[in-house]
Amino acid sequence: MDPDEGLTSVDNIVTQFNTYEDFLDSQITTVDLYYLEDESLARQLVELGYRGTGEILKREDFEARKAAIETARLAERTQKKTLTSAGKELQDGFLKALAVREEDNRNGKVSSVIFIRDKNSHGQEVSGYIDYADRLKTEDFEVYFNGKKRLLPRPTDLSFYNWDTQIAVCNSSPNYQVIHDNQDGLLFKHKKDRKILNVDPKDHPGDNSTRISIQTDLYIQAVIFDHISRRKT
C-alpha cells in the first residue's frame with residue numbers, strides 16, 4: 001500500500017470515531033457477541049487482529065493520529081484568529097499591503113519596516129519608520145484594518161519626526177538597532193542576521209531587503225521595506 005493511502009485510511013478512521021473503543025465496536029459483529037458473550041473480550045480480539053470486519057489499527061496509532069489531527073486543527077484555528085486582517089474586504093492599497101505581510105511578520109519570516117508621512121490629528125505633518133512586527137505584537141490592529149483609526153508613527157517607533165515642532169526621536173526595537181549617526185543617513189541593523197537596512201530612496205535597501213512605494217489615499221506618502229532574515233539556526 002502507498003504510504004499516503006495508508007495515512008489517508010487511518011485519518012478516515014480517526015475522524016469517523018471519537019474513541020478507540022468506538023472503532024473496535026464497529027468491527028464487532030452480532031455473531032461475535034453471540035458466541036463470545038463478552039464485549040470486552042470481543043474488543044480485545046479485534047485489537048489483536050483475531051476478529052473484525054475491517055482494517056487492523058493499533059491503539060497507539062489511533063491515539064497518536066487523533067492527537068496530531070486535533071493539534072493541527074487548533075493551530076489552524078489559532079492562526080486564523082491571530083490574523084486580524086483575515087476575512088476583511090480592504091479597499092486601500094496600504095491596508096492591502098499590511099494584510100499581505102501580516103502573517104509573515106507575525107511568524108518571523110519577514111521583518112517589515114513601514115515609512116509613513118502624513119498629518120496627525122493636530123494638523124501637524126509627521127513622519128517616521130515603524131517596526132511592523134513589533135507593533136503587531138504590542139497593539140491590536142483590528143482598529144486599523146477596520147478603518148476606525150489610521151496607523152501613524154509615534155515617538156516610541158524606530159524613528160519619529162514632527163515637521164512643525166522639529167521634534168526628532170529614534171528608538172531601537174526588538175528587531176532592529178537604529179544607527180542614526182551615520183553620515184549617509186538613517187540605517188537599521190536587523191538584530192538576527194545583522195544585515196543593514198538602508199532606507200535612503202537613492203540607495204539599494206541592502207541584502208535580502210526590498211523597497212516598495214505604496215499607492216494609497218490614506219497618507220501623503222507610504223513606503224514598506226521588507227527584510228527576510230537569513231540567519232541559520
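Predicted, not measured: the structure shown is a model, and the values here were computed from it.
Under a 4.5 Å side-chain heavy-atom criterion applied to ILVMFWY residues, the cluster that includes Leu218 comprises Leu90, Phe94, Leu95, Leu98, Ile114, Ile116, Ile130, Tyr132, Leu136, Phe141, Val143, Tyr144, Phe145, Leu151, Leu152, Ile212, Ile214, Tyr219, Ile224 as well. Residue Ile228 belongs to a hydrophobic cluster whose other members are Val110, with links defined by side-chain heavy atoms closer than 4.5 Å.
The two residues Ser209 and Pro205 make their nearest non-hydrogen contact at O-CG, 3.5 Å. Nearest heavy-atom pair across Ala168 and Tyr161 is CB-CD1, 3.6 Å.
For the pair Cys170 and Leu186, the minimum side-chain heavy-atom distance is below 4.5 Å. Side-chain contact check for Phe115 versus Val199: every heavy-atom pair is 4.5 Å or farther apart. In this structure, the side chains of Val223 and Ser213 come closer than 4.5 Å at one or more pairs of heavy atoms. With contacts defined as side-chain heavy-atom distances shorter than 4.5 Å, the pair Tyr176/Ser111 qualifies. Residues Val126 and Lys119 are not in side-chain contact: their nearest non-hydrogen atoms beyond the backbone lie 4.5 Å or more apart. When side chains are defined from C-beta on, Lys88 counts as touching Asn146, because their heavy atoms get closer than 4.5 Å. Annotation: side chain of Ile179 is in contact with side chain of Ile196 (closest heavy-atom distance under 4.5 Å). Looking only at side-chain heavy atoms (C-beta outward), Val113 and Leu158 come within less than 4.5 Å of each other.
Taking CD from Glu125 and CG from Asn162, the interatomic distance works out to 9.0 Å, rounded to the nearest 0.5 Å. Between the CD atom in Gln177 and the CZ atom in Arg194 there is a gap of 7.0 Å [rounded to 0.5 Å]. Remark: Asn175 CG to Leu197 CG distance equals 11.5 Å, nearest 0.5 Å. Separating the CG atom in Asp217 from the CG atom in Asp92 is a distance of 5.5 Å, to the nearest 0.5 Å.
With sequence neighbours excluded, the residues forming a salt bridge (Lys or Arg N to Asp or Glu O under 4.0 Å) with Lys195 are Asp207, listed by chain and number.
A distance-only check finds a donor-acceptor pair linking the side chain of Asp131 to the backbone of Ala133 [under 3.5 Å]. Between the side chain of Ser172 and the backbone N or O of Val178 there is at least one donor-acceptor pair closer than 3.5 Å. Within the 3.5 Å criterion, the main-chain N or O of Val100 finds no donor-acceptor partner in the side chain of Glu103. In this structure a side-chain-to-backbone donor-acceptor pair under 3.5 Å is present from Ser159 to Tyr129. Using a distance-only test at 3.5 Å, with no hydrogens or angles considered, a donor-acceptor pair links the side chain of Asn171 to the main chain of Asp157. Remark: the backbone N or O of Gln124 is not paired with any side-chain donor or acceptor of His122 at under 3.5 angstrom. Proximity of a side-chain donor or acceptor of Lys66 to a complementary backbone N or O of Phe17 within less than 3.5 Å is detected.
Looking at Glu102 and Thr84, their side chains do bring a donor and an acceptor atom within 3.5 Å of each other. Residues Asp226 and Ser112 bring a donor and an acceptor atom of their side chains to less than 3.5 Å of each other.
Looking at Lys96 and Glu89, no side-chain N of the basic residue comes within less than 4.0 Å of a carboxylate O on the acidic one, giving no salt bridge. Salt-bridge formation is detected for the pair Asp118/Arg150: a Lys NZ or Arg NE/NH1/NH2 atom is positioned less than 4.0 Å from an Asp or Glu carboxylate oxygen. A salt bridge links Glu139 with Arg154; the closest basic N to acidic carboxylate O contact falls under 4.0 Å.
Within a 6.0 Å radius of CD in Glu63, more than 12 heavy atoms belonging to other residues, nucleotides or ligands are found.
Ring orientation note: the planes of His190 and His227 are tilted relative to one another, at an angle of 30° to 60°.
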